[in-house]
Amino acid sequence: MGNMATEITAFFLTISGWILVSSTLPTDYWKVSSVDGTVITTATFWSNLWKTCVTDSTGVSNCKDFPSMLALDAYIQVCRGLMIAAVSLGFFGAILALVGMKCTKIGGSKTTKARLTVLSGFHFILSGLCCMTACSIYARRITADFFDPLFVAQKFELGAALFIGWAGSVLCILGGLIFCLSLSEAEYSYSGAASFPTTCNKTSKPAQRPNKETQEPLRQFGRNAYV
């Protein structure tokens, strides 16, 4: 029962992390910058992996999609690939977890379900690492331009999408580790020993000798006795 509860906890952690990772991909505010006036903010510039936009003080936004994938910066292309890989790995990890968990009725034998659960944990760990790497690369580029004194263009700050991605990555990695460590060695050894029964543990009862006091005397009949 304890192992089943551990798997359910890991499943909720990984699914929550995967939802956060999936929501990070289309989120607008990967990086944000604002132009302040004397009283109010006159314009807010923000960008993500797919487009760059500006919002004026009246709330009207004008967006422009990136014109060509081949003309993009290398770090944006890398972040796109890593985020798509993170979402895909999390999707397949969720399917493997549903099949391999003990609380489900599909998946085959206990050994097969245990292997599927561990494989699901590896999928979620890789998903979290991909998302964390993508968010870290994007944040590294923003901070490098922000603290570069020779960078004269508009400087941006970290957007909310990066923090959501980091949080989802931590949940995916944590849940994946729990999936991988939820199987104790005792269960493996027990399942392996059960398939090869031996007679070593069988205790043989000692032969019982007849008690001389309670043993019935042998009847001896003479030559001329009548039966």
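Just so it is clear, the model here is predicted, and its values are computed rather than measured. These values consider heavy atoms only, across backbone and side chains, with no hydrogens, waters or symmetry-generated copies. Along the sequence shown, the residues carry numbers beginning at 1.
- Between the side chains of S127 and W18, not a single donor N or O lies within less than 3.5 Å of an accepting N or O.
- Hydrophobic clustering, with ILVMFWY side chains joined whenever heavy atoms are under 4.5 angstrom apart, groups M132 together with L177.
- A distance of 12.5 Å separates CG in L13 from CD1 in I173, rounded to the nearest 0.5 Å.
- R115 pairs in a side chain to side chain contact (heavy atoms under 4.5 Å, CB included) with only one of the listed residues (T112, T111, V118), which is T111.
- One finds the SG atom of C79 at 11.5 Å from the CG atom of N48 (value rounded to the nearest 0.5 Å).
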>> Determine whether W50 and R80 satisfy the following criterion, side-chain contact (heavy atoms from CB on, under 4.5 Å), listing intermediate values before the conclusion.
In response: CA-CA 9 Å; W50 314 101; R80 281 182 177 182; 3.4 Å; yes

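- One hydrophobic cluster holds both L98 and I15 under the rule that ILVMFWY side chains link at heavy-atom gaps under 4.5 Å.
- Atoms CG and CD1, from L89 and I84 in turn, are 12.0 Å apart once rounded to the nearest 0.5 Å.
- In this structure, L129 and T133 approach most closely via the heavy-atom pair O-OG1, 2.7 Å.
- Sorted by first and then second residue, the pairs that involve residues 144-162 and meet salt bridge (charged side-chain N to carboxylate O under 4.0 Å, His left out), not counting sequence neighbours, are R141-D145.
- When all heavy atoms of A43 and V54 are compared, the closest pair comes out as CB-CG2, 4.2 Å.
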In sequence, state the C-alpha distance, the side-chain angles, and the governing distance for I178 and T6, and then conclude on side-chain contact (heavy atoms from CB on, under 4.5 Å).
CA-CA 7 Å; I178 295 176; T6 303; 3.4 Å; yes

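- Under the 3.5 Å distance criterion, the side-chain polar atoms of T52 are left unmatched by any main-chain donor or acceptor of S47.
- K102 and E7 make their closest contact through N-OE1, 3.0 Å (heavy atoms, listed as atom of the first residue, atom of the second, distance).
- Other residues, nucleotides and ligands contribute only 12 or fewer heavy atoms inside 6.0 Å of the CZ atom of F92.
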Evaluation steps, side-chain contact (heavy atoms from CB on, under 4.5 Å), between I164 and S23 | CA-CA 8 Å; I164 296 174; S23 63; 4.1 Å; yes

Walk me through whether K31 and L162 qualify under side-chain contact (heavy atoms from CB on, under 4.5 Å).
CA-CA 8 Å; K31 61 180 180 180; L162 298 178; over 6 Å; no

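- Of the N and O atoms on the side chains of K113 and T104, at least one donor lies less than 3.5 Å from an acceptor on the other residue.
- Clustering ILVMFWY residues whenever any of their side-chain heavy atoms sit less than 4.5 angstrom apart, transitively, puts F156 in a cluster other than the one holding F146.
- Side chains of F124 and C180 form no contact here, defined as non-hydrogen atoms less than 4.5 Å apart.
- Closest approach of S120 to L96, counting heavy atoms only: CB-CB, 3.7 Å.
- In this structure, C103 and I8 approach most closely via the heavy-atom pair SG-CG1, 4.4 Å.
- Residues V21 and L25 share a hydrophobic cluster, clusters being chains of Ile/Leu/Val/Met/Phe/Trp/Tyr side chains in contact below 4.5 Å.
- To the nearest 0.5 Å, atoms CZ (F179) and OG1 (T9) are separated by 9.5 Å.
- Of the possible donor and acceptor atoms, none in the side chain of Q154 sits under 3.5 Å from a partner among the backbone N and O of S33.
- Contact between T24 and A161 at its shortest, heavy atoms only, is CG2-O, 3.2 Å.
- With sequence neighbours excluded, the residues satisfying ring-ring contact (aromatic ring centres under 6.0 Å, His included) with F163 are W166.
- To the nearest 0.5 Å, the span separating OH on Y29 from OG1 on T44 amounts to 7.0 Å.
- Every residue two or more places apart in sequence or in another chain was checked for a side-chain hydrogen bond (donor to acceptor under 3.5 Å, both in side chains) with R140, and none qualifies.
- To the nearest 0.5 Å, atoms CG (L49) and CH2 (W30) are separated by 4.0 Å.
- Here the two cysteines C172 and C131 have their SG atoms 2.5 angstrom or farther apart.
- For Y75, the ring-ring contact (aromatic ring centres under 6.0 Å, His included) test picks out Y138, with sequence neighbours left out.
- Distance alone, capped at 3.5 Å, is enough to place a donor-acceptor pair between the S169 side chain and the G165 backbone.
- When the ring-ring contact (aromatic ring centres under 6.0 Å, His included) test is applied to F11, no partner is found at least two apart in sequence or on another chain.
- Under the 4.5 Å side-chain heavy-atom criterion for grouping Ile, Leu, Val, Met, Phe, Trp and Tyr, I142 is connected to L72 within one hydrophobic cluster.
- Under a cut-off of 6.0 angstrom, the local environment of CZ in F66 is crowded, with over 12 non-hydrogen atoms contributed by other residues, nucleotides or ligands.
- Scanning for side chain to side chain contact (heavy atoms under 4.5 Å, CB included) contacts around V78 gives L82, I137, with sequence neighbours left out.
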